[in-house]
Amino acid sequence: ILLDVYQNEDNPEKLKAVYNTKLGKLWEHRDVNQTDEELLTRLEEYTAELPDGVLCLTCGVDTQDDRLEYEVVGWGKNGESWGIKKGYIIGAPDFPETWARLDDVIDRTYKFQSGQGLAISITLVDSGGHFTQTVYEECRKRQAKRVFAIKGRGGEGIPIVNPAKRVAIRDNKRVTCWLYSIGVDAGKAIIYANIQVQTPGAKYCHFPKGDDRGYDINYFNGLISERMTKRKTAAGFKWVWEKLPGHRRNEALDCRNYALAGVKIIDPDFDALALRLKERAEEKQQPAPVTKPAATEKPRRTKRKKLFDEW
């Protein structure tokens with residue numbers, strides 16, 4: 001068996017056959033050289049809900065028939081990212097209560113240890129599936145909060161972010177919402193490249209400890225649930241993304257992809273954001289100016305009129 005492995009180490013297809021038949025193990029070709037369990041060991045203790053370094057928050061929402069899944073991600077300079085919260089909202093997307101609970105996620109202020117806070121800058125909601133028109137309607141209601149519908153597009157050469165366009169809701173051209181087209185393959189490539197960065201700093205992905213955060217083994221199983229495969233088509237060979245065997249769910253990858261697209265859309269000036277946070281912290285530390293109480297005039301004493309003076 002060892003000889004077979006050695007002789008075929010440069011031939012993935014033959015090596016796959018050795019693993020599957022002689023070793024009895026599932027062969028997986030990943031574009032990430034870490035397992036779910038290895039990524040789980042990277043969980044770290046944040047000092048607060050928002051760790052230092054986070055300058056901007058985005059939220060990606062994946063739509064399923066019985067729930068919404070979401071991830072709130074913090075972004076810093078040079079592509080560094082922090083997972084903040086991965087969660088589920090159980091309920092069909094056409095129930096108003098489902099969207100009211102999403103409002104609870106995107107309307108709140110997330111706090112640093114200093115007490116300062118950040119709001120979510122943009123939320124992108126997947127409009128694919130069976131509830132496209134509902135997603136359009138709900139995003140239109142929340143447009144002022146930068147909640148936008150998206151449509152994922154796969155394929156080589158499609159940029160992660162494309163200009164938004166107005167689409168009619170329920171075939172009514174007078175009622176529209178903004179729809180962003182997202183190059184999901186480009187986003188996945190960025191995410192997988194960033195996951196492989198091992199040292200905190202540029203492009204590094206941080207993940208928090210804590211049961212309430214949602215970053216468990218199921219999250220990482222979904223985050224690295226796909227691989228690139230070379231397929232032969234009528235036009236020639238092309239690379240496509242497909243799910244790995246044994247990985248049924250890929251919503252975690254989709255949510256992270258949409259959150260990534262969000263920060264690409266708003267394209268924040270991170271230096272300006274860092275300066276603004278610093279100025280706000282300095283203002284908070286300065287003592288409030290002491291003001292002297294305004295002088296109060298003593299009431300004037302008036303002569304009491306004698307009883308029959310007016311007579």
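Sequential numbering from 1 along the given sequence is applied to the chain's residues.
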_A quick test of your reading: do over 12 heavy atoms of other residues, nucleotides or ligands sit less than 6.0 Å from CG of Asp211?_
no
What one should report as the nearest heavy-atom pair of Tyr46 and Pro51 is CD1-CD, 3.7 Å
Nearest heavy-atom approach of Asn172 to Ala168 is O-CB, 3.6 Å
Separation between CG (Leu275) and CZ (Arg280), nearest 0.5 Å, reads 12.0 Å
Applying ring-ring contact (aromatic ring centres under 6.0 Å, His included) to Tyr110 and not counting sequence neighbours gives none
Do Val184 and Phe148 share a hydrophobic cluster, counting only Ile, Leu, Val, Met, Phe, Trp and Tyr and linking them when any side-chain heavy atoms are less than 4.5 Å apart?
yes
Is any side-chain heavy atom of Ser225 closer than 4.5 Å to a side-chain heavy atom of Leu244? no
message: I want to check something: taking the side chain as every heavy atom from C-beta on, are Val125 and Trp99 in contact at a cut-off of under 4.5 Å?
response: yes
Next item on the list: Specify whether Phe220 and Phe207 have parallel, tilted or perpendicular ring planes, treating 30° as the upper limit for parallel and 60° as the lower limit for perpendicular.
Entry: perpendicular
Taken to the nearest 0.5 Å, the spacing of Arg256 CZ from Asn250 CG works out to 15.0 Å
Worked check of side-chain contact (heavy atoms from CB on, under 4.5 Å) between Asn162 and Ile182
CA-CA 6 Å; Asn162 299 273; Ile182 303 301; over 6 Å; no
In this structure, CD1 of Ile90 is separated from OG1 of Thr98 (nearest 0.5 Å) by 9.0 Å
* Can you get from Leu102 to Phe95 by hopping between Ile, Leu, Val, Met, Phe, Trp and Tyr side chains that sit under 4.5 Å apart? -> no
What verdict does the side-chain contact (heavy atoms from CB on, under 4.5 Å) test give for Val73 and Leu57, after you've listed the backbone C-alpha separation in whole Å, the side-chain angles of each residue and the deciding distance to 0.1 Å?
CA-CA 6 Å; Val73 181; Leu57 295 176; over 6 Å; no
Pair Arg108 + Glu49, salt bridge at N-O below 4.0 Å:
yes
| task | Would you please test Trp241 and Tyr192 for ring pair (Phe, Tyr, Trp, His ring centres under 6.0 Å) and show each step? | result | CA-CA 12 Å; Trp241 288 87; Tyr192 274 46; 5.1 Å; yes
key: Pair Lys85 + Asp212: basic N to acidic O under 4.0 Å   = no
| Side chain of Tyr215, backbone of Ile84: donor and acceptor closer than 3.5 Å? | yes
Self-check item: Worked verdict on Arg67 versus Asp62 for salt bridge (charged side-chain N to carboxylate O under 4.0 Å, His left out)
Solution: CA-CA 9 Å; Arg67 68 191 184 281; Asp62 188 62; over 6 Å; no
Using atom types as modelled and distance alone, determine if a side-chain donor or acceptor of Glu138 lies under 3.5 Å from a backbone N or O of Gln133. no
To the nearest 0.5 Å, atom CD of Gln113 lies from atom NZ of Lys111 at 13.5 Å
Salt bridge between Glu80 and Lys203, side-chain N to carboxylate O under 4.0 Å?
-> no
Handout entry: Side chains of Leu273 and Asp269 in contact at under 4.5 Å (non-hydrogen atoms)
Key = no
Review point. Does some side-chain heavy atom of Ile265 sit less than 4.5 Å from a side-chain heavy atom of Leu124?
Key: yes
(Q) Using a strict threshold of under 4.0 Å (side-chain N to carboxylate O), is an ion pair present between Glu69 and Lys86? (A) yes
Quiz item: Should Leu40 and Thr35 be marked as a side-chain contact (heavy atoms from CB on, under 4.5 Å) after you check the CA-CA gap, both sets of side-chain angles, and the distance that decides it?
Solution: CA-CA 9 Å; Leu40 193 63; Thr35 65; over 6 Å; no
Has Arg231 got more than 12 heavy atoms of other residues, nucleotides or ligands less than 6.0 Å from its CZ?
-> no
Value for CZ (Phe131) from CG (Leu68), rounded to nearest 0.5 Å, stands at 9.5 Å
**Same apolar cluster: Ile190 and Val161, side chain cutoff 4.5 Å** = yes
- prompt: Taking everything shown except Asp66 itself, do over 12 heavy atoms lie less than 6.0 Å from its CG?
  reply: yes
Smallest heavy-atom separation, Gly222 atom then Leu253 atom, equals O-CB, 3.5 Å
Here the gap from Cys59 atom SG to Tyr258 atom OH, rounded to the nearest 0.5 Å, amounts to 12.5 Å
Q: Determine, using the 4.5 Å side-chain heavy-atom cutoff (strictly less than), whether Val54 and Val197 are members of one ILVMFWY cluster.
A: no
With the threshold set at 4.0 Å, does a side-chain nitrogen-carboxylate oxygen contact exist between Lys238 and Glu156?
no
(Q) If you define the side chain from C-beta out and look only at heavy atoms, does anything of His130 sit under 4.5 Å from Pro93? (A) no
Please check if the distance between the ring centroids of Tyr70 and Tyr88 is under 6.0 Å.
no
Determine, for Arg153 against Asp185, whether the closest basic-nitrogen to carboxylate-oxygen distance falls under 4.0 angstrom. no
_When you group the ILVMFWY residues by side-chain heavy-atom contacts below 4.5 Å and let the links chain together, are Val72 and Leu118 in the same group?_
yes
Requested in this report: Flag the pair Gln34 / Ile224 as yes when at least one side-chain heavy-atom distance between them is below 4.5 Å, and no otherwise.
Outcome: no
Take Trp239 and Thr229 through the side-chain contact (heavy atoms from CB on, under 4.5 Å) test and state the conclusion after the steps.
CA-CA 5 Å; Trp239 289 94; Thr229 302; 5.5 Å; no
Check whether any side-chain N or O of Thr63 sits under 3.5 Å from a backbone N or O of Asp126 as a donor-acceptor pair, and report yes or no.
-> yes
When every non-hydrogen atom of Ala149 is compared with those of Cys139, the smallest separation belongs to N-SG, 3.6 Å
Applying side chain to side chain donor-acceptor pair (under 3.5 Å) to Glu137 and not counting sequence neighbours gives Arg170
For Thr123 and Ile106 the tightest heavy-atom approach is OG1-CG2, 3.4 Å
Side-chain donor-acceptor distances from residues 174-181 under 3.5 Å, at least two apart:
unit_1: Thr176; atom_1: OG1; unit_2: Arg166; atom_2: NH1; d: 3.1

Distance-only polar pair, side chains of Asn194 and Gln196, donor-acceptor under 3.5 Å:
no
Can you check whether Asn218's main-chain N or O pairs, donor with acceptor, with Arg249's side chain at less than 3.5 Å?
no
For Ile266 and Ser121 the tightest heavy-atom approach is CD1-CB, 3.7 Å
- Does a donor on one side chain and an acceptor on the other come within less than 3.5 Å for Thr58 and Trp75? yes
request  = State whether the side chain of Ser127 and the backbone N or O of Ile150 hold a donor-acceptor pair below 3.5 Å, judged by distance alone.
outcome  = yes
From the list Glu71, Glu251, Arg213, side chain to side chain donor-acceptor pair (under 3.5 Å) partner of Tyr219 resolves to Glu71
Are Asp271 and Lys77 within salt-bridge range, i.e. N to O under 4.0 Å? yes
